[in-house]
Asker: 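Here it is, the structure, as structure tokens.
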Amino acid sequence: MDTIAPSGLQPEERASSCLQEDVPSDSSELVQKCLQQFKVTRKQLQQIQVSLLRSMEQALMEQNNPAPAVRMLPTYVGSTPHGTEQGDFLVLELGATGASLRVLWVTLTGTEEHRVEPRSQEFVIPQEVVLGSGQQLFDFAACCLSEFLDAHPVGNQDLKLGFSFSFPCHQTGLDKSTLISWTKGFKCSGVEGHDVVQLLRDAIQRQGTYNIDVVAVVNDTVGTMMGCELGAGPCEVGLIVDTGTNACYMEEARHVAALDEDRGRTCVSIEWGSFNDDGALGPVMTIFDHALDYESLNPGAQRFEKMIGGLYLGELVRLVLAHLAQHGVLFGGCTSPALLSRGSILLEHVVEMEDPFTGAAHVHAVLQDLDLSPQASDAELVQHVCAAVCTRAAQLCAAALAAVLSRLQHSREQQTLQVAVATGGQVFEVHPRFRSILKEMVMLLVPECDVSFIPAVDGGGQGVAMVTAVAARLAAHRHLLEETLAPFQLNCQQLIVVQAQMREAMIRGLQGEASSLRMLPTYVRATPDGSERGDFLALDLGGTNFRVLLVRVAKGSVQITNQVYSIPECVAQGSGQELFDHIVDCIVDFQQRQGLSGQSLPLGFTFSFPCKQLGLDQGILLNWTKGFNASGCEGQDVVCLLREAIGRRQAVELNVVAIVNDTVGTMMSCGYDDPHCEMGLIVGTGTNACYMEELRNVASVAGDSGYMCINMEWGAFGDDGSLSMLSTCFDASVDQASINPGKQRFEKMISGMYLGEIVRHILLHLTSLGVLFQGQQTQCLQTRDIFKTKFLSEIESDSLALRQVRAILEDLGLTLTSDDALMVLEVCQAVSRRAAQLCGAGVAAVVEKIRENRGLEELTVSVGVDGTLYKLHPHFSSLVSATVRKLAPHCTVTFLQSEDGSGKGAALVTAVACRLAQTTRV
Ligand code: BG6
Ligand code: GLC
Ligand code: GLC
């Protein structure tokens, strides 16, 4: 194969030289051979098309290949423009046409009829900047922006900027984009691997003259596609043949592995300039392509672009002319230093020389400028060379575009495809034949596609403005979201205050003073010691499920058999008699099923509501909480109500020995295995805690030694108004709509019965602001309790991708975008995080009090915990622990999850009571 010496590497050839004697005998054969290399057959074009398509599909599927043949970069542009975008935008274009930079002021009117011509200014970037440091480049850009704004004053408005940056970038958002590598003539240090938006923002700040918000960054292909005047259908492909070449198109999001998205479309920048399949490209690469690549700033890279982009066409022509001159076929065998210097023939020279009418004259002018003296016969040959290089470029571009169209056709599963391609770039603008060759070849390669080519508006500036308008809207939405969620973000100081208030309320409650914490004595004086034995019945009322249990406590083992019964809302909120009759019915059913009828086993009753106890088997219901509101019960002894119901059902005999709160049952249940367990915590439908207090601190119970378990009823904490500084308008709405307004304010910020409702109210608010669901209020979201707290647990589960979050919400009849899904996730996180932190502040107050009671430097204590929210939420428990660690640094707190529910604990309390009763009888 013929080889060509890279001119830049051979200084001796730079002197003007003539090789008169070396004129080959068959010069026309050499010319033919040379031009022949630029001919690409239809078959070769088809091979390129197929191979590029394969590379595109492969890159779409793979996420982590560091060097794919083409990059297929998601651009975060999710839809083609509506045409309703409006506002004024600054646009900065860098890297499209040569070493220049363009600033535009674009006004979008929101209607197509009123187009306002943009104002623009072009700046030439000095070569030392193009090859200098990144800081210099971005400072230069910031300086151009200031200069533009000085020259075109735009008044005192917020300046929103869209940054058209035409190099391969990994985008992670509309305003976050990391440069992968420079292409074309650029090579500034310290930019690859960095976020170019941040670099621009920093430079604007250094410049300090204007306050400009960089809102979006786009590739030139995307700007071109987005700015395309709306035709009959949307334009879904953007094609650039400028200094470099590239295309973007709307891909089905589900095919893009790098995105976690299964709906809609997303714009992908192919970066086909880097396409380098040796199998397909090898046969069409000429010795001139190899030489050009070798001499370029990025040898081995962008080899496809180097056969098509405007930066390279002049250079290819120059290399061919130099080769022919050196072989004596042109210019009488003379070369000149200029002809042998890189970059001396530019695209515009090629275009001028190729012109069939005025070309010959231009050939003379251009060559004379290169210190060559063309002979009359040279002109025609030079024109052939120009045409061969440009024709090949257009044909290769057609093969690549054909691959994109096949991809579109395939992913849309359509036999025929009607598609509009927005075109932009200098080569289209200046080369008269490029577009027609391209079109013709595309028709041959993908005959089933009906393609219309639409020239870009304002060199893509309008499209960049449109993306910027969308990004600005999203940024405004984000701001509103953050503002809405800010009151849910509690800092350490606020949590310390909650802890201190809780502590004060505990002390006042214990002393019988006015306090939102009732601090109810439970008459449980010790945690289990393992000596408990016997068979017991237990009831568990007040959580998600009502249960009847048979608990068999033997040496070293506890066996539980249980049955869940439902309590319909009408019963929970009907009359007390109905409720207790229903409970007894369930017990009878259970006894029958278990073959226990006729036996009078001792019964422990977990009753998870605030009760004033005067003994273990006496509990006066102070008030209902959570979803219960049965009439005629408040102020009554619950054990009596149960005994009366048993009486009404004459057949059964029951021996109610103890009534316990679920917190106490949980503590006792966990205490059976761990003697350090001195606190019980519930975070389920409701929330509450109990702990072992020194009897001497409990004003309402006689005695100065020993302990008593205190049911704090912390759900009511703050009912005296002390939490009002933390309460948001959403908490107020949830409270107002509840069956007990003004009550259980702490519980309403923490527990499962309410978190979903808080989220729902926030979502309603964000929808009314237009931030979510495109501002569409749905009937579904207006429905109380539609947003279950279990959704928070599911949505926040790390293993669920956003698309599944969406599926959960769509089940509720909500139609949402991926931005919506992300925002809903953030709302859930803010609400559950606050709940966990408040709960942690409460636990910290309790364990610190135990530590101080005992005068200990350090306390080691376990907390028995139960409740669906605590158990099912993926982060709740760790957030509670983290908060406790921060707020109670001298306590080592272990959280034990209760496995068997509180029924086991109720049975253990019953066992102790039975043992004590026996001892007193003896
Ligand atoms: C259960 C206990 O496991 O948890 C109940 O046995 C308790 O006594 C309940 O009330 C609390 O959780 P939830 O989520 O059911 O309210
Ligand atoms: C180069 C860039 C690409 C750009 C194209 C056209 O190929 O890498 O991002 O779109 O040139 O300017
Ligand atoms: C409510 C009840 C309380 C119970 C808690 C957890 O706050 O008032 O007694 O412990 O819910 O179920």
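Note that ligands are numbered from 1 as they come in the structure, with each ligand's atoms numbered from 1 the same way.
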Asker: Measure the distances from the heavy atoms of G273 to every atom of ligand 2 and state whether one is below 4.0 angstrom.
Answerer: no

Asker: A side-chain contact here means heavy atoms from C-beta on lying under 4.5 Å apart; do V863 and L896 qualify?
Answerer: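 A side-chain contact under 4.5 Å is absent here.
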
Asker: Would you say T687 has any N or O atom under 3.5 Å from an N or O of ligand 3, going by distance alone?
Answerer: yes

Asker: One thing to verify: whether K904 and D540 come together as a salt bridge, which I'm taking to mean a side-chain N less than 4.0 angstrom from a carboxylate O.
Answerer: no

Asker: Does W714 reach the side chain of L681, with side-chain heavy atoms less than 4.5 Å apart?
Answerer: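 Touching, per the 4.5 Å side-chain cut-off.
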
Asker: Can you name the residues that come within less than 4.0 Å of ligand 1, going by heavy atoms only?
Answerer: D540, G543, T544, R547, T606, S608, D662, I682, G684, T685, D866, G867, T868, G901, S902

Asker: Under a 4.0 angstrom heavy-atom cut-off, which atoms of ligand 2 come close to T183?
Answerer: 1 (C), 2 (C), 8 (O)

Asker: Please state which protein non-hydrogen atom is closest to atom 12 (O) of ligand 2 and give its distance, to 0.1 Å?
Answerer: D220 OD2, 2.4 Å

Asker: For ligand 3, which atoms, with element, lie under 4.0 Å from some heavy atom of I682?
Answerer: 6 (C), 12 (O)

Asker: Looking at G244, which atoms of ligand 2 are within less than 4.0 Å of one of its heavy atoms?
Answerer: 6 (C), 11 (O)

Asker: Looking only at atom types and distance, does a side-chain atom of E271 sit under 3.5 Å from a main-chain N or O of L73, one as donor and one as acceptor?
Answerer: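 Not a single qualifying donor-acceptor pair exists.
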
Asker: Does any donor atom in the side chain of S738 or K748 lie under 3.5 Å from an acceptor atom in the other side chain?
Answerer: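 K748 and S738 do have a side-chain donor-acceptor pair below 3.5 Å.
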
Asker: Within a distance under 4.0 Å of any heavy atom of I240, pick out the atoms of ligand 2 and give their elements.
Answerer: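 In order of numbering, the contacting atoms are 6 (C), 12 (O).
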
Asker: Taking 4.0 Å as the limit for heavy-atom contacts, which would you say applies to T245 with ligand 2: side chain only, backbone only, both, or neither?
Answerer: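 It is the backbone that touches ligand 2; the side chain stays farther off.
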
Asker: Checking the side chain of S608 only, and the main-chain atoms of L541 only, is there a donor and an acceptor separated by less than 3.5 Å?
Answerer: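 Flag set: sc S608 to bb L541 pair under 3.5 Å.
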
Asker: Just checking, any donor-acceptor pair under 3.5 angstrom between side chains of T625 and E747?
Answerer: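 No - no donor-acceptor pair under 3.5 Å links their side chains.
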
Asker: Counting each atom of ligand 3 from 1 as listed, which ones have a heavy atom of N661 under 4.0 Å away?
Answerer: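 That gives atoms 3 (C), 9 (O), 10 (O) of ligand 3.
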
Asker: Do the side chain of S751 and the main chain of T685 share a donor and acceptor less than 3.5 angstrom apart?
Answerer: yes

Asker: Quick one about N688 and N711 (side-chain donor to acceptor, distance below 3.5 Å, no hydrogens or angles considered), yes or no?
Answerer: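 Side chains of N711 and N688: pair found under 3.5 Å.
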
Asker: Which residue from T544, L541, L520, T625 reaches closest to atom 2 (C) of ligand 3 through any of its heavy atoms?
Answerer: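 Result: the heavy atom closest to atom 2 (C) of ligand 3 is in T625.
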
Asker: Are the side chains of I750 and V683 in touch, meaning some heavy atoms are under 4.5 Å apart?
Answerer: yes

Asker: Could you tell me which non-hydrogen atom of T666 sits nearest to which non-hydrogen atom of S898, and how far apart they are?
Answerer: CG2-CB, 3.8 Å

Asker: Specify the protein heavy atom at minimum distance from atom 6 (C) of ligand 3: its residue, its atom name, and the distance to 0.1 Å.
Answerer: D662 OD2, 3.3 Å

Asker: Does G684 have a non-hydrogen atom less than 4.0 Å from ligand 3?
Answerer: no

Asker: Which ligand 2 atoms does Q302 reach within 4.0 Å, using its non-hydrogen atoms?
Answerer: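 Counting atoms of ligand 2 from 1, those under 4.0 Å from Q302 are 7 (O).
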
Asker: With no hydrogens and no angle check, just 3.5 Å: does a side-chain donor-acceptor pair link Y565 and Q563?
Answerer: no

Asker: Considering heavy atoms of the protein only, find what lies nearest to atom 8 (O) of ligand 2 and give residue, atom and distance to 0.1 Å.
Answerer: E271 OE1, 2.8 Å

Asker: Regarding Q302 and T183, is there a side-chain donor-to-acceptor distance under 3.5 Å anywhere?
Answerer: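 The criterion, which ignores hydrogens and geometry beyond distance, is not satisfied for T183 and Q302.
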
Asker: Identify the protein heavy atom lying closest to atom 9 (O) of ligand 3, giving its residue, its atom name and the separation to 0.1 Å.
Answerer: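 Going by distance alone, atom 9 (O) of ligand 3 is nearest to E713 OE2, 2.5 Å.
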
Asker: State whether the side chain of K626 and the backbone N or O of G542 hold a donor-acceptor pair below 3.5 Å, judged by distance alone.
Answerer: yes

Asker: Identify, for atom 1 (C) of ligand 2, the protein heavy atom at the shortest distance, and state residue, atom and that distance.
Answerer: E305 OE2, 2.9 Å

Asker: Give the residue and atom name of whichever protein heavy atom lies nearest to atom 5 (C) of ligand 2, and the separation in Å to one decimal.
Answerer: N246 CB, 3.6 Å

Asker: Counting from 1, what ligand 3 atoms have a heavy atom of Q744 closer than 4.0 Å?
Answerer: 7 (O)

Asker: Any non-hydrogen atom of G715 lying under 4.0 Å from ligand 3?
Answerer: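 Outside the 4.0 Å threshold, so no.
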
Asker: Any nitrogen or oxygen of D242, main chain or side chain, under 3.5 Å from a nitrogen or oxygen of ligand 2?
Answerer: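 For ligand 2, there is no N or O atom that lies under 3.5 Å from one belonging to D242.
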
Asker: Could you give the distance from CD1 (I308) to CZ (F275), rounded to the nearest 0.5 Å?
Answerer: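 CZ of F275 is found 10.0 Å from CD1 of I308.
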
Asker: Below 4.0 angstrom from a heavy atom of F167, which ligand 2 atoms are there? Numbered from 1 as shown, please.
Answerer: 2 (C), 8 (O), 9 (O)

Asker: Hey, is ligand 3 close enough to T663 that some N/O pair sits below 3.5 Å?
Answerer: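 Between T663 and ligand 3 (N or O atoms, distance only) the closest approach is not under 3.5 Å.
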
Asker: I need the nearest protein heavy-atom contact for atom 11 (O) of ligand 2: residue, atom name and distance, please.
Answerer: K184 NZ, 3.0 Å

Asker: Could you walk me through whether D866 and K871 pass the salt bridge (Lys or Arg N to Asp or Glu O under 4.0 Å) test, one step at a time?
Answerer: CA-CA 7 Å; D866 207 343; K871 283 179 164 174; 3.0 Å; yes

Asker: Measure from the side-chain N and O atoms of T75 to the backbone N and O of V268, and report whether any donor-acceptor pair falls under 3.5 Å.
Answerer: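 It does not hold such a pair.
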
